[in-house]
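Taking it in order: structure first as C-alpha coordinates, then the write-up.
Side-chain atoms are counted along with the backbone in the values below, which use heavy atoms only and exclude waters and symmetry mates. Throughout, a chain's letter reflects where its sequence line sits, starting with A, and its residues are numbered from 1.
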Number of protein chains: 2
Amino acid sequence: MKPNHSWQSIQAEIIRRISERIWVPGELVPKETDLAKEFAVSRGTINRAMRELANAGLIDRKRKAGTRVALNPVRKATLDIPVIRLDVENRGVSHKHMVLMQKIVPAPALITGKLGLATGTRMLHLRTLHFAGNQPFLYEKRWVNQTAVPDILDVDFSQISANEWLVQNAPLTTGDISFSATNASKDEAETLGAKIGEALFLIDRSTWIGTMAVTNARLAYAPGFQMHTSL
Amino acid sequence: MKPNHSWQSIQAEIIRRISERIWVPGELVPKETDLAKEFAVSRGTINRAMRELANAGLIDRKRKAGTRVALNPVRKATLDIPVIRLDVENRGVSHKHMVLMQKIVPAPALITGKLGLATGTRMLHLRTLHFAGNQPFLYEKRWVNQTAVPDILDVDFSQISANEWLVQNAPLTTGDISFSATNASKDEAETLGAKIGEALFLIDRSTWIGTMAVTNARLAYAPGFQMHTSL
DNA sequence: ATCAATATTATGTTTAGACATAATAAATTG
DNA sequence: CAATTTATTATGTCTAAACATAATATTGAT
(Lines give C-alpha, C1' and ligand atoms only; values in the text may rest on other atoms or scores of the structure.)
Protein backbone atom coordinates (compact mmCIF):
# COMPACT_ATOMS: atom_id res chain seq x y z
CA MET A 1 0.00 0.00 0.00
CA LYS A 2 1.44 3.36 -0.87
CA PRO A 3 1.31 5.91 1.91
CA ASN A 4 -1.00 8.86 1.46
CA HIS A 5 0.52 10.44 4.50
CA SER A 6 4.13 10.85 5.50
CA TRP A 7 4.98 10.89 9.17
CA GLN A 8 5.73 14.57 8.79
CA SER A 9 2.34 15.44 7.39
CA ILE A 10 0.72 13.43 10.15
CA GLN A 11 2.83 15.24 12.70
CA ALA A 12 1.75 18.55 11.21
CA GLU A 13 -1.89 17.48 11.40
CA ILE A 14 -1.48 16.47 15.04
CA ILE A 15 0.08 19.83 15.81
CA ARG A 16 -2.84 21.50 14.06
CA ARG A 17 -5.34 19.59 16.16
CA ILE A 18 -3.56 20.59 19.33
CA SER A 19 -3.12 24.21 18.40
CA GLU A 20 -6.73 24.55 17.26
CA ARG A 21 -7.93 22.84 20.42
CA ILE A 22 -9.57 20.01 18.56
CA TRP A 23 -7.56 17.96 21.02
CA VAL A 24 -7.90 19.65 24.39
CA PRO A 25 -5.01 19.95 26.86
CA GLY A 26 -5.20 17.27 29.51
CA GLU A 27 -7.46 15.04 27.43
CA LEU A 28 -6.67 11.67 25.95
CA VAL A 29 -6.04 11.56 22.24
CA PRO A 30 -6.89 8.54 20.08
CA LYS A 31 -4.55 5.63 20.44
CA GLU A 32 -1.99 4.74 17.83
CA THR A 33 -3.95 1.90 16.28
CA ASP A 34 -6.97 4.16 15.80
CA LEU A 35 -4.90 6.94 14.28
CA ALA A 36 -3.21 4.40 12.06
CA LYS A 37 -6.62 3.41 10.75
CA GLU A 38 -7.72 7.00 10.32
CA PHE A 39 -4.67 8.01 8.30
CA ALA A 40 -4.40 4.62 6.62
CA VAL A 41 -0.82 4.14 7.63
CA SER A 42 0.90 1.62 9.84
CA ARG A 43 1.22 2.12 13.56
CA GLY A 44 4.95 2.65 13.18
CA THR A 45 4.35 5.80 11.20
CA ILE A 46 1.99 7.17 13.82
CA ASN A 47 4.52 6.33 16.48
CA ARG A 48 7.23 8.18 14.62
CA ALA A 49 5.06 11.28 14.30
CA MET A 50 4.06 11.25 17.97
CA ARG A 51 7.42 10.33 19.46
CA GLU A 52 9.03 13.59 18.49
CA LEU A 53 6.13 15.59 19.84
CA ALA A 54 6.49 13.76 23.13
CA ASN A 55 10.19 14.55 23.23
CA ALA A 56 9.32 18.16 22.54
CA GLY A 57 7.01 18.19 25.54
CA LEU A 58 3.85 18.82 23.56
CA ILE A 59 2.18 15.59 24.56
CA ASP A 60 2.63 13.22 27.46
CA ARG A 61 2.66 9.53 26.70
CA LYS A 62 2.45 6.63 29.11
CA ARG A 63 2.19 2.96 28.40
CA LYS A 64 -1.28 1.64 28.90
CA ALA A 65 -2.50 5.06 30.07
CA GLY A 66 -2.36 6.53 26.57
CA THR A 67 -1.42 9.91 25.20
CA ARG A 68 -2.58 13.26 26.50
CA VAL A 69 -2.08 16.79 25.27
CA ALA A 70 0.31 18.46 27.71
CA LEU A 71 -1.35 20.89 30.11
CA ASN A 72 1.57 23.25 30.32
CA PRO A 73 3.56 22.67 27.20
CA VAL A 74 7.14 23.45 28.11
CA ARG A 75 8.57 25.31 25.19
CA LYS A 76 12.07 24.29 24.39
CA ALA A 77 14.51 26.68 22.84
CA THR A 78 17.62 25.12 21.43
CA LEU A 79 20.75 27.17 21.56
CA ASP A 80 23.59 26.37 19.27
CA ILE A 81 26.87 26.62 21.10
CA PRO A 82 29.37 26.90 18.28
CA VAL A 83 33.06 27.48 18.39
CA ILE A 84 33.58 31.14 19.25
CA ARG A 85 35.41 31.78 15.99
CA LEU A 86 32.47 30.50 13.95
CA ASP A 87 30.03 32.41 16.12
CA VAL A 88 31.89 35.60 15.25
CA GLU A 89 32.34 34.74 11.58
CA ASN A 90 28.65 33.94 11.25
CA ARG A 91 28.02 37.53 12.21
CA GLY A 92 29.86 38.52 9.08
CA VAL A 93 33.03 39.83 10.68
CA SER A 94 36.47 38.36 11.02
CA HIS A 95 37.64 36.75 14.21
CA LYS A 96 40.93 37.05 15.96
CA HIS A 97 41.98 36.35 19.48
CA MET A 98 44.71 37.39 21.85
CA VAL A 99 46.06 35.44 24.80
CA LEU A 100 46.32 37.81 27.75
CA MET A 101 47.52 35.36 30.33
CA GLN A 102 48.72 31.77 30.39
CA LYS A 103 49.99 30.09 33.50
CA ILE A 104 49.76 26.92 35.54
CA VAL A 105 48.70 27.61 39.09
CA PRO A 106 46.57 26.09 41.82
CA ALA A 107 42.98 26.77 40.85
CA PRO A 108 40.74 28.76 43.18
CA ALA A 109 38.27 26.80 45.25
CA LEU A 110 35.39 28.24 43.23
CA ILE A 111 36.69 26.48 40.15
CA THR A 112 37.74 23.17 41.69
CA GLY A 113 34.41 23.11 43.45
CA LYS A 114 32.45 23.49 40.23
CA LEU A 115 34.49 20.80 38.54
CA GLY A 116 34.63 18.44 41.49
CA LEU A 117 38.42 18.50 41.71
CA ALA A 118 40.54 18.54 44.85
CA THR A 119 41.10 22.02 46.21
CA GLY A 120 44.46 23.37 45.21
CA THR A 121 44.71 21.29 42.04
CA ARG A 122 47.17 22.91 39.68
CA MET A 123 45.44 23.83 36.45
CA LEU A 124 46.19 25.66 33.23
CA HIS A 125 44.70 29.13 33.41
CA LEU A 126 44.10 31.15 30.26
CA ARG A 127 42.68 34.56 29.69
CA THR A 128 41.79 35.21 26.09
CA LEU A 129 40.23 38.19 24.41
CA HIS A 130 38.25 37.45 21.26
CA PHE A 131 37.64 40.14 18.67
CA ALA A 132 34.84 40.59 16.18
CA GLY A 133 36.53 42.70 13.54
CA ASN A 134 38.39 45.30 15.58
CA GLN A 135 35.89 45.28 18.41
CA PRO A 136 36.44 43.30 21.59
CA PHE A 137 33.78 40.62 21.57
CA LEU A 138 34.31 38.25 24.41
CA TYR A 139 36.63 37.96 27.38
CA GLU A 140 37.26 34.34 28.24
CA LYS A 141 38.71 33.16 31.53
CA ARG A 142 39.37 29.46 31.35
CA TRP A 143 40.71 26.77 33.65
CA VAL A 144 41.80 23.51 32.08
CA ASN A 145 42.43 20.23 33.87
CA GLN A 146 45.85 19.15 32.54
CA THR A 147 45.24 15.60 33.63
CA ALA A 148 42.20 15.25 31.37
CA VAL A 149 43.87 16.70 28.26
CA PRO A 150 47.66 16.58 28.77
CA ASP A 151 48.28 17.39 25.08
CA ILE A 152 46.99 20.90 25.68
CA LEU A 153 50.26 21.85 27.34
CA ASP A 154 52.01 21.73 23.96
CA VAL A 155 49.50 23.89 22.15
CA ASP A 156 50.43 27.30 20.79
CA PHE A 157 47.38 29.32 21.69
CA SER A 158 48.34 32.17 19.43
CA GLN A 159 47.54 29.82 16.56
CA ILE A 160 44.38 28.20 17.81
CA SER A 161 42.20 29.33 20.69
CA ALA A 162 41.79 27.03 23.65
CA ASN A 163 38.10 26.98 22.89
CA GLU A 164 38.61 25.63 19.41
CA TRP A 165 41.37 23.22 20.40
CA LEU A 166 39.17 21.71 23.08
CA VAL A 167 36.17 21.37 20.78
CA GLN A 168 38.35 19.49 18.32
CA ASN A 169 40.33 17.44 20.79
CA ALA A 170 37.92 16.81 23.58
CA PRO A 171 34.66 16.46 21.72
CA LEU A 172 31.46 15.09 23.13
CA THR A 173 31.90 16.32 26.60
CA THR A 174 28.93 16.55 28.88
CA GLY A 175 28.57 19.70 30.82
CA ASP A 176 26.43 22.40 32.20
CA ILE A 177 25.98 25.99 31.27
CA SER A 178 24.58 28.88 33.13
CA PHE A 179 23.65 32.25 31.72
CA SER A 180 23.51 35.37 33.79
CA ALA A 181 24.26 39.08 33.88
CA THR A 182 27.04 40.81 35.75
CA ASN A 183 28.37 44.31 36.21
CA ALA A 184 31.73 44.75 34.53
CA SER A 185 34.66 44.69 36.93
CA LYS A 186 37.56 47.06 36.38
CA ASP A 187 39.55 44.31 34.67
CA GLU A 188 36.63 43.30 32.46
CA ALA A 189 35.75 46.86 31.59
CA GLU A 190 39.30 47.71 30.57
CA THR A 191 39.72 44.52 28.59
CA LEU A 192 36.41 44.76 26.75
CA GLY A 193 36.48 48.52 26.29
CA ALA A 194 33.39 48.93 28.43
CA LYS A 195 32.60 51.14 31.38
CA ILE A 196 33.03 49.83 34.90
CA GLY A 197 29.68 48.52 36.09
CA GLU A 198 28.25 48.15 32.62
CA ALA A 199 25.99 45.09 32.29
CA LEU A 200 27.70 42.13 30.65
CA PHE A 201 26.15 38.92 29.43
CA LEU A 202 27.87 36.00 31.07
CA ILE A 203 28.13 32.34 30.21
CA ASP A 204 29.69 29.95 32.67
CA ARG A 205 30.35 26.52 31.26
CA SER A 206 31.89 23.44 32.84
CA THR A 207 32.55 20.30 30.85
CA TRP A 208 33.49 16.74 31.58
CA ILE A 209 34.46 13.67 29.62
CA GLY A 210 32.55 11.02 31.48
CA THR A 211 33.39 11.84 35.08
CA MET A 212 36.71 13.51 34.27
CA ALA A 213 36.52 17.27 34.56
CA VAL A 214 37.99 19.01 31.53
CA THR A 215 37.49 22.73 31.74
CA ASN A 216 35.57 25.63 33.13
CA ALA A 217 35.15 28.74 31.03
CA ARG A 218 33.72 32.06 32.06
CA LEU A 219 32.72 34.02 28.99
CA ALA A 220 31.99 37.71 29.47
CA TYR A 221 30.55 39.26 26.32
CA ALA A 222 31.00 42.87 25.36
CA PRO A 223 28.09 45.23 26.13
CA GLY A 224 25.24 44.96 23.66
CA PHE A 225 25.69 41.28 22.99
CA GLN A 226 22.52 39.32 22.41
CA MET A 227 22.15 35.61 22.21
CA HIS A 228 19.34 34.82 19.87
CA THR A 229 17.28 31.80 19.00
CA SER A 230 13.84 30.85 17.80
CA LEU A 231 11.18 28.62 19.24
CA MET B 1 15.95 -13.08 16.88
CA LYS B 2 16.27 -11.36 20.22
CA PRO B 3 18.24 -8.14 20.17
CA ASN B 4 21.50 -8.10 22.07
CA HIS B 5 21.66 -4.36 21.52
CA SER B 6 19.03 -1.70 21.98
CA TRP B 7 19.16 1.37 19.77
CA GLN B 8 20.24 3.30 22.82
CA SER B 9 23.18 1.07 23.62
CA ILE B 10 24.21 1.26 19.97
CA GLN B 11 23.91 5.02 20.08
CA ALA B 12 26.08 5.08 23.20
CA GLU B 13 28.67 2.91 21.46
CA ILE B 14 28.68 5.21 18.44
CA ILE B 15 29.16 8.19 20.71
CA ARG B 16 32.01 6.38 22.40
CA ARG B 17 33.70 5.71 19.08
CA ILE B 18 33.42 9.34 18.13
CA SER B 19 34.57 10.69 21.47
CA GLU B 20 37.50 8.31 21.61
CA ARG B 21 38.43 9.15 18.05
CA ILE B 22 38.03 5.61 16.82
CA TRP B 23 35.93 7.32 14.21
CA VAL B 24 37.80 10.44 13.16
CA PRO B 25 36.08 13.78 12.42
CA GLY B 26 35.56 14.24 8.71
CA GLU B 27 35.92 10.56 7.95
CA LEU B 28 33.30 8.17 6.67
CA VAL B 29 31.86 5.75 9.19
CA PRO B 30 30.64 2.27 8.23
CA LYS B 31 27.33 2.19 6.41
CA GLU B 32 24.13 1.09 8.07
CA THR B 33 24.07 -2.38 6.61
CA ASP B 34 27.60 -3.06 7.87
CA LEU B 35 26.82 -1.76 11.33
CA ALA B 36 23.65 -3.80 11.35
CA LYS B 37 25.76 -6.89 10.70
CA GLU B 38 28.30 -5.93 13.33
CA PHE B 39 25.73 -5.39 16.07
CA ALA B 40 23.50 -8.19 14.82
CA VAL B 41 20.46 -5.96 14.61
CA SER B 42 18.32 -4.82 11.73
CA ARG B 43 19.16 -1.74 9.73
CA GLY B 44 16.17 0.06 11.21
CA THR B 45 17.73 -0.06 14.64
CA ILE B 46 21.00 1.37 13.37
CA ASN B 47 19.07 4.07 11.58
CA ARG B 48 17.23 4.97 14.75
CA ALA B 49 20.49 5.26 16.68
CA MET B 50 22.18 7.39 14.03
CA ARG B 51 19.25 9.63 13.14
CA GLU B 52 19.21 11.33 16.51
CA LEU B 53 22.94 11.91 16.38
CA ALA B 54 22.52 13.53 12.99
CA ASN B 55 19.79 15.80 14.35
CA ALA B 56 22.09 16.68 17.21
CA GLY B 57 24.76 17.74 14.73
CA LEU B 58 27.26 15.11 15.77
CA ILE B 59 27.37 13.41 12.41
CA ASP B 60 26.54 14.50 8.89
CA ARG B 61 24.58 12.11 6.73
CA LYS B 62 23.91 12.27 3.04
CA ARG B 63 22.20 9.78 0.81
CA LYS B 64 24.61 7.81 -1.26
CA ALA B 65 27.53 9.78 0.15
CA GLY B 66 27.34 8.10 3.54
CA THR B 67 27.85 9.28 7.09
CA ARG B 68 30.75 11.34 8.39
CA VAL B 69 31.71 12.48 11.85
CA ALA B 70 31.06 16.20 12.03
CA LEU B 71 34.16 18.37 11.85
CA ASN B 72 32.92 21.09 14.15
CA PRO B 73 30.23 19.51 16.25
CA VAL B 74 27.88 22.30 17.18
CA ARG B 75 26.83 21.66 20.71
CA LYS B 76 23.17 22.26 21.28
CA ALA B 77 21.86 23.31 24.63
CA THR B 78 18.15 23.03 25.08
CA LEU B 79 16.53 25.54 27.34
CA ASP B 80 13.18 24.79 28.85
CA ILE B 81 10.95 27.82 28.78
CA PRO B 82 8.28 26.98 31.31
CA VAL B 83 5.43 29.05 32.60
CA ILE B 84 6.92 31.58 35.02
CA ARG B 85 4.86 30.23 37.90
CA LEU B 86 6.26 26.73 37.41
CA ASP B 87 9.76 28.10 36.97
CA VAL B 88 9.47 29.71 40.38
CA GLU B 89 7.79 26.76 42.03
CA ASN B 90 10.44 24.40 40.71
CA ARG B 91 12.91 26.45 42.71
CA GLY B 92 11.02 25.37 45.78
CA VAL B 93 9.35 28.65 46.62
CA SER B 94 5.82 29.88 46.16
CA HIS B 95 4.87 32.14 43.29
CA LYS B 96 2.64 35.14 43.30
CA HIS B 97 2.30 38.01 40.91
CA MET B 98 1.05 41.56 40.98
CA VAL B 99 -0.28 43.57 38.06
CA LEU B 100 1.35 46.98 38.17
CA MET B 101 -0.17 48.42 35.04
CA GLN B 102 -2.87 47.41 32.58
CA LYS B 103 -3.97 49.63 29.74
CA ILE B 104 -4.76 49.67 26.06
CA VAL B 105 -2.67 52.19 24.20
CA PRO B 106 -0.91 52.61 20.87
CA ALA B 107 2.21 50.48 21.08
CA PRO B 108 5.62 52.08 20.64
CA ALA B 109 7.30 51.63 17.30
CA LEU B 110 9.93 49.39 18.90
CA ILE B 111 7.23 46.85 19.71
CA THR B 112 5.18 47.04 16.54
CA GLY B 113 8.41 46.79 14.62
CA LYS B 114 9.45 43.59 16.34
CA LEU B 115 6.03 42.06 15.80
CA GLY B 116 5.53 43.33 12.27
CA LEU B 117 2.40 45.32 13.13
CA ALA B 118 1.41 48.73 11.82
CA THR B 119 2.92 51.57 13.80
CA GLY B 120 0.45 53.00 16.27
CA THR B 121 -1.53 49.76 16.62
CA ARG B 122 -3.45 49.83 19.89
CA MET B 123 -2.33 46.96 22.09
CA LEU B 124 -2.91 45.68 25.58
CA HIS B 125 0.03 46.68 27.74
CA LEU B 126 0.71 44.90 31.02
CA ARG B 127 3.39 45.31 33.61
CA THR B 128 3.55 42.43 36.05
CA LEU B 129 5.86 41.76 38.94
CA HIS B 130 6.42 38.11 39.76
CA PHE B 131 7.55 37.05 43.22
CA ALA B 132 9.52 34.03 44.33
CA GLY B 133 8.41 33.74 47.94
CA ASN B 134 8.59 37.33 49.16
CA GLN B 135 11.41 38.32 46.84
CA PRO B 136 10.77 40.10 43.56
CA PHE B 137 11.77 37.64 40.88
CA LEU B 138 10.90 39.00 37.50
CA TYR B 139 9.54 42.22 36.09
CA GLU B 140 7.50 41.56 32.97
CA LYS B 141 6.55 44.21 30.45
CA ARG B 142 4.20 42.73 27.91
CA TRP B 143 2.38 43.91 24.82
CA VAL B 144 -0.48 41.78 23.53
CA ASN B 145 -2.12 41.98 20.13
CA GLN B 146 -5.84 42.11 20.96
CA THR B 147 -6.74 41.04 17.45
CA ALA B 148 -4.90 37.75 17.79
CA VAL B 149 -6.37 36.81 21.16
CA PRO B 150 -9.53 38.92 21.73
CA ASP B 151 -10.57 36.77 24.71
CA ILE B 152 -7.69 38.18 26.68
CA LEU B 153 -9.60 41.42 27.23
CA ASP B 154 -11.98 39.60 29.61
CA VAL B 155 -9.25 38.00 31.70
CA ASP B 156 -8.79 38.95 35.35
CA PHE B 157 -5.02 39.10 35.59
CA SER B 158 -5.07 39.09 39.36
CA GLN B 159 -6.20 35.48 39.08
CA ILE B 160 -3.96 34.23 36.30
CA SER B 161 -0.89 35.88 34.91
CA ALA B 162 -0.89 36.93 31.29
CA ASN B 163 2.03 34.60 30.77
CA GLU B 164 0.09 31.59 31.95
CA TRP B 165 -3.13 32.56 30.21
CA LEU B 166 -1.32 32.88 26.92
CA VAL B 167 0.50 29.58 27.28
CA GLN B 168 -2.83 27.89 27.87
CA ASN B 169 -4.89 29.79 25.33
CA ALA B 170 -2.44 30.48 22.56
CA PRO B 171 -0.33 27.36 22.57
CA LEU B 172 2.07 26.31 19.90
CA THR B 173 3.17 29.71 18.89
CA THR B 174 6.35 30.17 16.98
CA GLY B 175 8.62 32.89 18.11
CA ASP B 176 12.02 34.16 18.79
CA ILE B 177 13.89 34.84 21.96
CA SER B 178 16.90 36.91 22.70
CA PHE B 179 18.92 36.88 25.87
CA SER B 180 21.02 39.80 26.99
CA ALA B 181 22.14 41.84 29.94
CA THR B 182 21.09 45.36 30.85
CA ASN B 183 21.73 47.88 33.58
CA ALA B 184 18.67 48.39 35.76
CA SER B 185 16.77 51.59 35.03
CA LYS B 186 15.28 53.58 37.88
CA ASP B 187 11.89 51.98 37.29
CA GLU B 188 13.32 48.50 37.11
CA ALA B 189 15.53 48.98 40.14
CA GLU B 190 12.67 50.24 42.29
CA THR B 191 10.32 47.51 41.12
CA LEU B 192 12.77 44.66 41.59
CA GLY B 193 14.37 46.00 44.73
CA ALA B 194 17.71 46.36 42.99
CA LYS B 195 20.18 49.20 42.74
CA ILE B 196 20.07 51.51 39.75
CA GLY B 197 22.58 50.26 37.21
CA GLU B 198 22.76 46.77 38.63
CA ALA B 199 23.12 44.10 35.94
CA LEU B 200 19.86 42.36 35.07
CA PHE B 201 19.37 39.27 32.98
CA LEU B 202 16.95 40.03 30.20
CA ILE B 203 14.79 37.89 27.98
CA ASP B 204 12.96 39.42 25.06
CA ARG B 205 10.44 37.12 23.48
CA SER B 206 8.08 37.66 20.56
CA THR B 207 5.55 35.05 19.55
CA TRP B 208 3.26 34.45 16.62
CA ILE B 209 0.51 32.05 15.70
CA GLY B 210 1.36 31.39 12.10
CA THR B 211 1.91 34.90 10.79
CA MET B 212 -0.32 36.59 13.37
CA ALA B 213 1.67 38.41 16.00
CA VAL B 214 0.49 37.56 19.50
CA THR B 215 2.73 39.14 22.06
CA ASN B 216 6.06 40.61 22.98
CA ALA B 217 7.36 40.20 26.49
CA ARG B 218 10.40 41.79 28.06
CA LEU B 219 11.39 39.86 31.13
CA ALA B 220 13.87 41.52 33.47
CA TYR B 221 15.04 39.14 36.17
CA ALA B 222 16.10 40.22 39.63
CA PRO B 223 19.86 40.46 40.23
CA GLY B 224 21.57 37.14 40.78
CA PHE B 225 19.26 35.20 38.48
CA GLN B 226 20.89 32.39 36.55
CA MET B 227 19.41 30.41 33.74
CA HIS B 228 20.83 26.95 33.86
CA THR B 229 20.95 23.97 31.56
CA SER B 230 23.10 20.99 30.76
CA LEU B 231 24.70 19.88 27.54
C1' DA C 1 37.90 17.02 -23.02
C1' DT C 2 33.21 18.70 -21.52
C1' DC C 3 28.59 18.05 -20.74
C1' DA C 4 24.41 15.49 -20.36
C1' DA C 5 22.04 11.11 -19.60
C1' DT C 6 22.05 6.89 -16.96
C1' DA C 7 23.25 3.59 -13.40
C1' DT C 8 24.47 2.86 -8.76
C1' DT C 9 24.26 3.33 -3.89
C1' DA C 10 23.58 4.87 1.10
C1' DT C 11 20.27 6.84 3.53
C1' DG C 12 15.13 7.84 4.27
C1' DT C 13 10.64 6.03 4.89
C1' DT C 14 7.06 2.72 5.33
C1' DT C 15 4.77 -1.73 6.38
C1' DA C 16 3.00 -5.81 8.96
C1' DG C 17 3.93 -8.42 12.41
C1' DA C 18 5.86 -9.60 16.84
C1' DC C 19 7.27 -9.29 21.52
C1' DA C 20 8.55 -6.20 25.65
C1' DT C 21 7.22 -3.14 29.22
C1' DA C 22 4.89 -0.11 32.25
C1' DA C 23 0.80 1.28 34.02
C1' DT C 24 -3.79 0.59 34.90
C1' DA C 25 -7.89 -2.19 35.90
C1' DA C 26 -9.84 -6.36 37.59
C1' DA C 27 -9.90 -10.25 40.37
C1' DT C 28 -8.57 -12.50 44.32
C1' DT C 29 -7.19 -12.99 48.91
C1' DG C 30 -6.71 -11.93 53.86
C1' DC D 1 -12.63 -3.33 53.28
C1' DA D 2 -7.68 -3.13 52.12
C1' DA D 3 -3.80 -5.36 50.17
C1' DT D 4 -1.92 -8.29 46.83
C1' DT D 5 -1.93 -10.81 42.63
C1' DT D 6 -3.29 -11.28 37.92
C1' DA D 7 -4.97 -9.74 33.55
C1' DT D 8 -5.30 -6.23 30.25
C1' DT D 9 -3.76 -2.67 27.30
C1' DA D 10 -1.28 1.35 24.97
C1' DT D 11 3.05 2.54 24.07
C1' DG D 12 8.05 1.14 23.14
C1' DT D 13 11.10 -1.47 20.44
C1' DC D 14 12.63 -4.51 16.91
C1' DT D 15 12.66 -7.18 12.42
C1' DA D 16 12.83 -8.19 7.47
C1' DA D 17 11.56 -6.61 3.43
C1' DA D 18 10.47 -3.20 0.12
C1' DC D 19 10.44 1.04 -2.29
C1' DA D 20 11.76 6.20 -2.48
C1' DT D 21 15.14 9.72 -2.91
C1' DA D 22 19.25 12.30 -3.27
C1' DA D 23 23.95 12.09 -4.37
C1' DT D 24 27.59 10.28 -6.58
C1' DA D 25 29.82 7.62 -10.25
C1' DT D 26 29.77 6.00 -14.76
C1' DT D 27 28.73 6.03 -19.42
C1' DG D 28 27.99 8.04 -23.72
C1' DA D 29 27.51 11.81 -26.92
C1' DT D 30 29.26 15.92 -28.74
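- Taking B:S158 as the reference, B:D156 meet the side chain to side chain donor-acceptor pair (under 3.5 Å) condition, with sequence neighbours excluded.
- Between B:T67 and the phosphate of C:dT11, there is a side-chain N or O to OP1/OP2 separation shorter than 4.0 Å.
- In this structure, A:R75 does not pair ionically with B:D80, as no charged nitrogen and carboxylate oxygen lie closer than 4.0 Å.
- Using a 4.0 Å cut-off, no side-chain N or O of A:N47 falls inside it from OP1 or OP2 of D:dT11.
- One finds no side-chain N or O of B:S42 lying less than 4.0 angstrom from the OP1 or OP2 phosphate oxygen of D:dA17.
- Taking the six-membered ring where tryptophan is involved, the planes of A:F201 and B:F201 are essentially parallel, since the angle between them stays under 30° and well short of 60°.
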Can you check nucleotides 20-22 of chain C for protein contacts, nitrogen or oxygen pairs under 3.5 Å, and list what you find?
from, atom 1, to, atom 2, distance (Å)
C:dT21, O3', A:R63, NH1, 3.4
C:dT21, O2, A:R63, NE, 3.1

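- A donor-acceptor contact shorter than 3.5 Å links the side chain of B:H97 to the backbone of B:F157.
- A salt bridge between B:E32 and B:K37 is absent, with no side-chain N of the basic residue lying under 4.0 Å from a carboxylate O of the acidic one.
- With A:N145 contributing its side chain and A:A213 its backbone, the two residues share a donor-acceptor pair below 3.5 Å.
- Partners of A:R68 under the salt bridge (Lys or Arg N to Asp or Glu O under 4.0 Å) rule, at least two apart in sequence or in another chain, do not exist in this structure.
- With sequence neighbours excluded, no residue forms a side chain to side chain donor-acceptor pair (under 3.5 Å) with B:S161.
- To the nearest angstrom, C1' of D:dT11 lies 13 Å from CG of A:D60.
- Summarising the geometry, the separation between CZ on B:R51 and P on C:dT13 is reported as 7 Å, rounded to the nearest angstrom.
- Note on the helix from C:dA1-D:dT30 to C:dG30-D:dC1: angle between the axes of the first and last five pairs equals 10°, rounded to 10 degrees.
- Between the base of C:dG12 and the side chain of B:R43 there is a donor-acceptor pair shorter than 3.5 Å.
- For B:R48 and C:dT15, the CZ to C1' distance is 17 Å, given to the nearest whole Å.
- Distances shorter than 4.0 Å separate some side-chain N or O of B:Q8 from OP1 or OP2 on D:dT13.
- Residues B:T33 and B:G44 both approach DNA chain C. Their nearest nucleotides, taken by heavy-atom distance, put B:T33 toward the 5′ side.
- A distance of 6.0 Å or more separates the ring centres of A:H130 and A:F137.
- Rounded to whole Å, atom C1' of C:dT15 lies 17 Å from atom CH2 of A:W7.
- In this structure, B:N55 places its CG atom 13 Å from C1' of C:dT11, rounding to the nearest Å.
- Of the residues near DNA chain C, A:K62 and B:R61, the one whose nearest nucleotide (by heavy atom distance) lies more toward the 5' end is B:R61.
- Proximity of B:T128 to B:M98: side-chain heavy atoms (C-beta onward) are nowhere separated by under 4.5 Å.
- Taking the charged nitrogens against the carboxylate oxygens, A:E38 and A:R17 do have a contact shorter than 4.0 Å, which makes a salt bridge.
- B:L53 has its CG atom 16 Å from the C1' atom of C:dG12, to the nearest Å.
- The stretch residues 25-32 of chain B touches DNA chain C through B:K31, B:E32, each having a heavy atom under 4.0 angstrom from the strand.
- Across C:dT13, D:dT24, C:dT14, the shortest atom-to-atom separation from the side chain of B:A65 is found for D:dT24.
- Side chain of B:T45 to main chain of B:W7: no donor-acceptor pair is present (N/O by atom type, distance under 3.5 Å, no hydrogens or angles).
- As a whole-Å value, the separation of A:I59 CD1 from D:dT11 C1' is 11 Å.
- Between A:M50 atom CE and D:dT13 atom C1' the separation is 16 Å, expressed in whole Å.
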